[in-house]
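Here's the structure, in structure tokens; my notes come after.
From a predicted model like this one, the values you see are computed outputs, not experimental measurements. Note on naming: letters A, B, ... go to the chains in the order of the sequence lines (proteins, then strands), and numbering restarts at 1 for each one.
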There are 2 protein chains.
Amino acid sequence: MNGPTQRRITIKEVAEAAGVGVATVSRVLSGGSASAETREKVLAAAARLDYRPSALGRNLRRQRTGGIGLLVPDITDSFYARLTDGVLSCARSYGEPVTVGVTGDDPEREAELIGTLIEQSMDRLIAVPSGDGEMWAPALRAGLNVVFADRRVRADVPSVVPDDRAGVLTAVEYLAGLGHRKIAYLGRHGQSQRVAAFTAAIASLGLPDDGDLVVHARASRDSAYAAAAGLLQHRPDVTAVIAGGNVLGEAAVLAARELDVRIPRDVSLIMFDDVPWAELCSPPLTVIAQPAQDIGYRAAELVLRHGRRPPAVTLPTQLVVRASCGPIVKTSRR
Amino acid sequence: MNGPTQRRITIKEVAEAAGVGVATVSRVLSGGSASAETREKVLAAAARLDYRPSALGRNLRRQRTGGIGLLVPDITDSFYARLTDGVLSCARSYGEPVTVGVTGDDPEREAELIGTLIEQSMDRLIAVPSGDGEMWAPALRAGLNVVFADRRVRADVPSVVPDDRAGVLTAVEYLAGLGHRKIAYLGRHGQSQRVAAFTAAIASLGLPDDGDLVVHARASRDSAYAAAAGLLQHRPDVTAVIAGGNVLGEAAVLAARELDVRIPRDVSLIMFDDVPWAELCSPPLTVIAQPAQDIGYRAAELVLRHGRRPPAVTLPTQLVVRASCGPIVKTSRR
DNA sequence: AATCATGGTGGAATCGTTTCCATGAACGGT
DNA sequence: ACCGTTCATGGAAACGATTCCACCATGATT
């Protein structure tokens with residue numbers, strides 16, 4: 001009840017105002033051929049009426065919808081926030097709107113969100129996939145133009161991922177160089193790539209792999225804390241932990257503090273993903289930096305350009321040494 | 001070139017498969033009246049064909065578009081990420097897609113994004129407004145259903161904001177209680193509400209207000225750092241700083257460290273917005289916690305319900321005392 | 001001079017859905 | 001037995017854009 005909310009003006013009215021047919025208006029505005037005189041008239045009328053073509057009408061006619069969908073596990077996680085920022089940044093330069101959904105690493109919610117996007121006739125989608133590759137078969141069959149980000153779960157879908165193998169290897173080598181032999185990986189579900197890289201790295205360096213050195217958490221902070229605390233409590237023999245993300249790193253620091261495990265004296269910690277607060281933390285955290293924003297940007301480029309899509313883009317990571325890793329002191333703690 | 005990308009099935013095909021007219025299909029699927037028999041047939045056909053109504057067609061017909069737009073200054077900022085999470089969480093329960101845009105606190109970019117949203121026929125918008133209220137006149141006249149979040153720049157637009165006045169007052173009182181008299185506010189553009197509350201609080205406590213105790217930064221981390229460093233360098237007389245957001249707080253800690261200003265011995269710091277790392281920081285940061293997620297959720301509710309919209313919702317903040325504020329030692333530092 | 005190529009232009013079909021309206025059947029009341 | 005009411009149903013219009021196609025005028029070619 002706050003105003004007469006003026007009706008949207010259509011191409012028909014512009015045509016009338018310019019004294020031409022609707023086809024001509026459409027042609028002029030789409031850069032088609034027209035005489036200089038009519039072009040002038042149409043442009044003037046459009047400007048005068050502040051005409052904005054309706055994306056609805058356009059998209060209905062041409063079957064292809066503009067806009068791109070983006071599915072991330074958790075927008076609250078700095079890594080995915082930065083990835084999102086990269087996508088938005090690229091999309092903005094193309095003038096394409098981005099619809100964002102949060103999956104919480106739950107395949108069911110993911111499927112539901114995909115359904116919503118398909119209903120909107122979105123045909124371009126960037127996703128950090130939650131489940132395994134099978135789940136994506138229907139979406140792909142539906143003609144969805146999908147690009148995976150951060151994780152690669154199908155070989156037939158283009159993806160932009162950090163160089164997990166190199167990152168993990170760097171981390172493990174660094175820790176091994178400090179004398180650590182019992183190194184644990186604290187990851188979240190869906191990081192099969194990294195876990196594989198981890199066990200491979202352990203094996204290649206001849207370190208013992210006596211079973212459950214890999215612990216998984218779900219997307220929430222609570223779950224991350226529980227996993228970290230469990231690891232520190234039940235495995236007093238591990239002397240170094242690799243956290244597979246900033247939420248997990250945060251949880252590890254918190255849990256260590258709570259359990260009176262000192263970093264790096266009692267256990268060394270190295271965290272995937274460099275975040276601003278890693279430097280502010282006490283102790284400042286040694287991290288494997290990941291180009292989160294670039295990942296998003298490149299994924300958006302891929303999904304927008306759409307032509308000649310390379311199977312995979314791998315972006316380098318970087319070890320940033322701060323103060324959360326130290327040489328091993330004597331034996332295992334406690 | 002990766003498949004025959006099957007054509008989307010339409011209501012017409014469902015009608016044909018069910019042996020009824022399109023109108024009947026539409027009616028059944030929208031919950032209109034129909035005989036049990038036909039309802040059965042239609043539902044069966046729709047399920048068999050995996051029919052999904054096209055939002056494009058629907059939205060074109062009914063002039064009201066589903067979906068809501070969300071405009072935030074910086075998705076990388078934990079506060080806005082959490083706010084966004086709240087919006088997405090609420091929107092998901094309504095099955096409404098959310099289109100997100102990043103304004104960077106730039107009114108021009110904001111206007112551009114609004115234009116894009118209008119083109120998409122979005123009629124519902126949640127925004128953290130960058131500019132002043134005037135800028136919103138065209139959007140409102142266009143029939144946009146707007147709700148402001150975090151900042152209130154117009155009285156005639158519903159908004160959901162934290163209780164800035166109480167938050168600032170609490171912070172100032174707490175610092176004054178510790179003996180501080182020269183307190184600075186480090187804010188970002190668009191926080192006029194808080195700055196007003198700050199000067200009011202200063203005045204009400206009888207503290208000196210000798211001019212430029214308020215410093216502004218833009219949305220970027222660089223700008224925040226510059227502002228914080230400038231403040232600490234040029235005003236050795238201030239003994240306490242209130243940072244108006246987590247990015248500003250982070251910048252303040254960083255700048256203090258760089259300039260060898262110790263917290264809380266040399267200056268006390270209190271930060272708006274509680275973030276997970278505030279506890280991990282050295283020293284742990286005393287903060288004014290803001291219900292970022294709730295703000296987003298409530299804003300989404302407001303924009304979705306749409307009826308009887310209250311003029312404003314104010315959500316409480318909370319002082320969380322940690323270790324970044326201390327009593328004043330002697331005189332001004334240095 | 002008659003015909004053909006050219007290029008600007010507008011009418012009309014189309015996209016997929018909702019909704020108005022007319023139709024026809026069934027049924028109950030007088 | 002006839003008429004009026006109710007109800008399910010399907011045809012068709014409408015939403016706003018793009019695009020095919022026919023049309024006409026002009027200029028060039030034979």
Query - Length of the CG-P vector between Leu56(A) and dA17(D), whole Å - result: 10 Å
Query raised in the report: For Ser33(A) and dG8(C), is the shortest distance between a side-chain N/O and OP1 or OP2 below 4.0 Å?
Result: yes
Requested in this report: May I ask you to verify if any side-chain N or O of Arg62(A) is less than 4.0 angstrom from the OP1 or OP2 atom of dT18(D)?
Outcome: no
Requested in this report: Choose from dA17(D), dA12(D), dT18(C) the nucleotide whose nearest atom is closest to any side-chain atom of Ala23(B).
Outcome: dA12(D)
**Report entry** Enclosure of Arg218(A) CZ (heavy-atom neighbours >12, cutoff 6.0 Å)
**Finding:** no
Query raised in the report: Taking only N and O in the side chain of Thr38(A), is any of them less than 4.0 Å away from OP1 or OP2 of dG8(C)?
Result: no
Requested in this report: Could you say whether Ile9(A) or Val22(B) is positioned toward the 5' end of DNA chain D, judged by the nucleotide with the nearest heavy atom to each?
Outcome: Val22(B)
Query raised in the report: Is any side-chain heavy atom of Val247(B) closer than 4.5 Å to a side-chain heavy atom of Tyr80(B)?
Result: no
Query raised in the report: Just how far, in rounded Å, is C1' of dG16(C) from CZ of Arg64(A)?
Result: 18 Å
Report task. Have a look at Ser26(B) and say if it touches a base, only the backbone sugar-phosphate, or nothing, with a 4.0 Å heavy-atom cut-off. Result -> base
Requested in this report: Answer with base, sugar-phosphate or nothing: what part of the nucleic acid does Arg52(A) contact at a heavy-atom distance below 4.0 Å?
Outcome: sugar-phosphate
Requested in this report: Would you mind reading off the distance between Asn59(A) atom CG and dT19(D) atom C1', rounded to a whole angstrom?
Outcome: 16 Å
Report task. Round to the nearest Å and state the distance from Gln120(A) atom CD to dG16(C) atom P. Result -> 16 Å
Report task. Starting from P on dA14(D), measure out to CZ on Arg8(A) and report it in whole angstrom. Result -> 20 Å
Query raised in the report: Between the base of dT18(D) and the side chain of Arg61(A), is there any donor-acceptor pair under 3.5 Å?
Result: yes
Query raised in the report: Is the distance from OP1 or OP2 of dT18(C) to the nearest side-chain N or O of Gln63(B) less than 4.0 Å?
Result: no
Query raised in the report: Is Ser35(B) near enough to dA8(D) that one of its side-chain N or O atoms lies under 4.0 angstrom from OP1 or OP2?
Result: no
Requested in this report: Just compare dT18(D), dC15(D), dG10(D) and give me whichever is closest to any side-chain atom of Arg27(B).
Outcome: dG10(D)
Query raised in the report: Quick one: Glu37(A) CD to dT9(C) C1', roughly how many Å, whole number?
Result: 12 Å
Query raised in the report: Among side-chain atoms of Ser159(A) and Arg152(A), is any donor-acceptor pair under 3.5 angstrom?
Result: yes
Report task. Measure the distance from CG on Leu29(B) to P on dT18(C) and round it to the nearest whole Å. Result -> 8 Å
Requested in this report: Indicate whether any N or O donor in one side chain lies under 3.5 Å from an N or O acceptor in the other, for Ser78(B) and Arg82(B).
Outcome: yes
Query raised in the report: Can Arg305(A) and Tyr94(A) be counted as having a side-chain donor-acceptor contact under 3.5 angstrom?
Result: yes
Report summary line: Leu60(B) atom CG is separated from dT14(C) atom P, nearest whole Å, by 17 Å
Query raised in the report: With a non-hydrogen cut-off below 4.0 angstrom, is Gly57(A) in contact with a base, only sugar-phosphate, or nothing?
Result: base
Query raised in the report: When you check the side-chain N and O atoms of Ser223(B) and Ser220(B), is any donor under 3.5 Å from an acceptor?
Result: no
Report task. Examine the base of dT18(D) for any acceptor or donor lying under 3.5 Å from a partner atom in the side chain of Arg58(A), and report the outcome as yes or no. Result -> no
